[in-house]
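These notes are about the structure you will find just below.
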Number of protein chains: 2
Amino acid sequence: MFNYPNGKKFNNLNKLIKEDKSINLKASRTAANRGMNLEESINLSNDFYIENNIALITKRPTPINVVKVDYSKGCKIVDAYFEKQSTTDYNGLYKTKYVDFEAKVTKSKTSFPLANIYKHQIEHLKRVLLLGGIAFFIIQFDFYDEVYVLDANYIIDFYENGDRKSIPYPVVKEKGILVKQGLIPRLAYLDAVDKLYFSV
Amino acid sequence: MFNYPNGKKFNNLNKLIKEDKSINLKASRTAANRGMNLEESINLSNDFYIENNIALITKRPTPINVVKVDYSKGCKIVDAYFEKQSTTDYNGLYKTKYVDFEAKVTKSKTSFPLANIYKHQIEHLKRVLLLGGIAFFIIQFDFYDEVYVLDANYIIDFYENGDRKSIPYPVVKEKGILVKQGLIPRLAYLDAVDKLYFSV
């Protein structure tokens, strides 16, 4: 059995296909593919990429500060708190390169707000770039049902030097690469990564 | 403030030095450096490597299956269980390469037992190698107070084809690279990685 840290467990790709289909069908009844959240979509896509030896990208588990464990009940955690992810949510290996990214959703029609990106995440991504890794954001504009891959340099630049506290939608549209949404993979975001970093 | 997912928080390298010194002094009263466990030693070393922009290697948080959260008490987790890490404990970026490793301690004098390495971890490391990453184990022989970096290929080979359920100590000594232990970094394991993968 294959069990990657996004919490999904499955035995083979068939189950993945089945899961994805059911979710997709359900979603198709509403607007586009909005039945699934961005994290689930990325995790399913990563499962596909892993199963097919295309890439090895995983979500870091949410860090939890464990205060108390009840050993009389088989190591049951009875007091704990969620901690903020101090790095980004995802990292891994693609085409021999280290990749690192954060995924964010916005409901805004006009811009991607930088408010929920933390300073230490920016520091982390700057280190990734400095050390020769690939760093980007996956940004979903909920209103348009569009997902973009945007190089981290733009975010870092806006974060540190921008007058605005957000990146205008037209900038994301121009500088980012639109991610193709489909059945399998749910989000073909590595095609967008190819265009940004591996084009000939 | 710098807060990486090993749970340590500190403001600058000075604090790190101070922490490391006190631990080291304490340890020197007993045998060698055994006052600190392997995970703590690696995490401190990673903090040093990150602070000095040498590498960006982090420990994946332990995955926890959260069953129940009490929202009346500020998101207190009241029912949860530890899950097995389904990948390896550490991954990151060094000299533009993706690196991935597992750290293990043995009390055996004669061999490194493979019993506590899981099949899915072996699958994970095979994928790392297939996709062009660097994969290894950091193995501590507690009895000798020695720490080695051993290429994952040896472990995979012994795991899948070996008659024995362990790797003899002389094999680890011959094929692995001994890690220099000191004050800062506590474990200079990237020097060993250099010798294995980046030698000219």
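Below, chains carry the letters A, B, ... as their sequence lines are ordered, and counting in each starts from 1. These numbers were taken from a predicted model, which means no experiment stands behind them.
- Sparse packing is recorded around OH of B/Tyr154, with 12 or fewer heavy atoms of other residues, nucleotides or ligands lying under 6.0 Å away.
- The two residues A/Glu51 and B/Arg127 come nearest to each other via the heavy atoms CA-NH2, 3.9 Å.
- Residue A/Asn91 holds its CG atom at 4.0 Å from CG of B/Asn91, rounded to the nearest 0.5 Å.
- Both B/Phe82 and A/Phe82 are members of a single hydrophobic cluster when ILVMFWY side chains are connected at heavy-atom separations under 4.5 Å.
- Residues A/Val149 and A/Ile54 fall within the same hydrophobic cluster, defined by Ile, Leu, Val, Met, Phe, Trp and Tyr side chains chained together at heavy-atom separations under 4.5 Å.
- Hydrophobic clustering (ILVMFWY, side-chain heavy atoms < 4.5 Å, transitive): A/Ile64 and B/Tyr81 are in distinct clusters.
- Residues of residues 101-111 of chain B having a heavy atom under 4.5 Å from any heavy atom of chain A: none.
- Both the backbone and the side chain of A/Val128 come within contact range of chain B, with heavy atoms under 4.5 Å apart.
- Within the model, atoms CZ of B/Arg60 and OG1 of A/Thr87 stand 10.5 Å from one another, a figure rounded to the nearest 0.5 Å.
- A distance of 7.0 Å separates CG in B/Asp100 from CG in A/Leu56, rounded to the nearest 0.5 Å.
- Here A/Lys126 contributes atom NZ and B/Asn53 contributes atom CG; the two are 10.0 Å apart, rounded to the nearest 0.5 Å.
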Pair B/Tyr98, A/Lys97 - check side-chain contact (heavy atoms from CB on, under 4.5 Å), show working. CA-CA 6 Å; B/Tyr98 175 88; A/Lys97 289 285 184 186; over 6 Å; no
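- For chain B, no part of A/Val67 is nearby; none of its heavy atoms comes within less than 4.5 Å.
- For the atom pair OG1 of B/Thr58 and NE2 of A/His124, the computed distance is 6.5 Å after rounding to the nearest 0.5 Å.
- Of all residues spanning residues 129-137 of chain A, those with a heavy atom less than 4.5 Å away from chain B's heavy atoms are A/Leu130, A/Leu131, A/Gly132, A/Gly133, arranged by number.
- Scanning both residues, B/Val78 and A/Lys76, for their nearest heavy atoms gives O-CE, 4.0 Å.
- Chain B forms the most heavy-atom pairs under 4.5 Å with one residue out of A/Val66, A/Asp79, A/Thr62, A/Val69, and that residue is A/Asp79.
- Nearest heavy-atom pair, A/Pro63 versus B/Pro61, reported as atom, atom and distance to 0.1 Å: CA-CB, 3.9 Å.
- A/Ile167 and A/Tyr118 fall into different hydrophobic clusters, defined by Ile, Leu, Val, Met, Phe, Trp and Tyr side-chain heavy atoms under 4.5 Å apart, directly or through other members.
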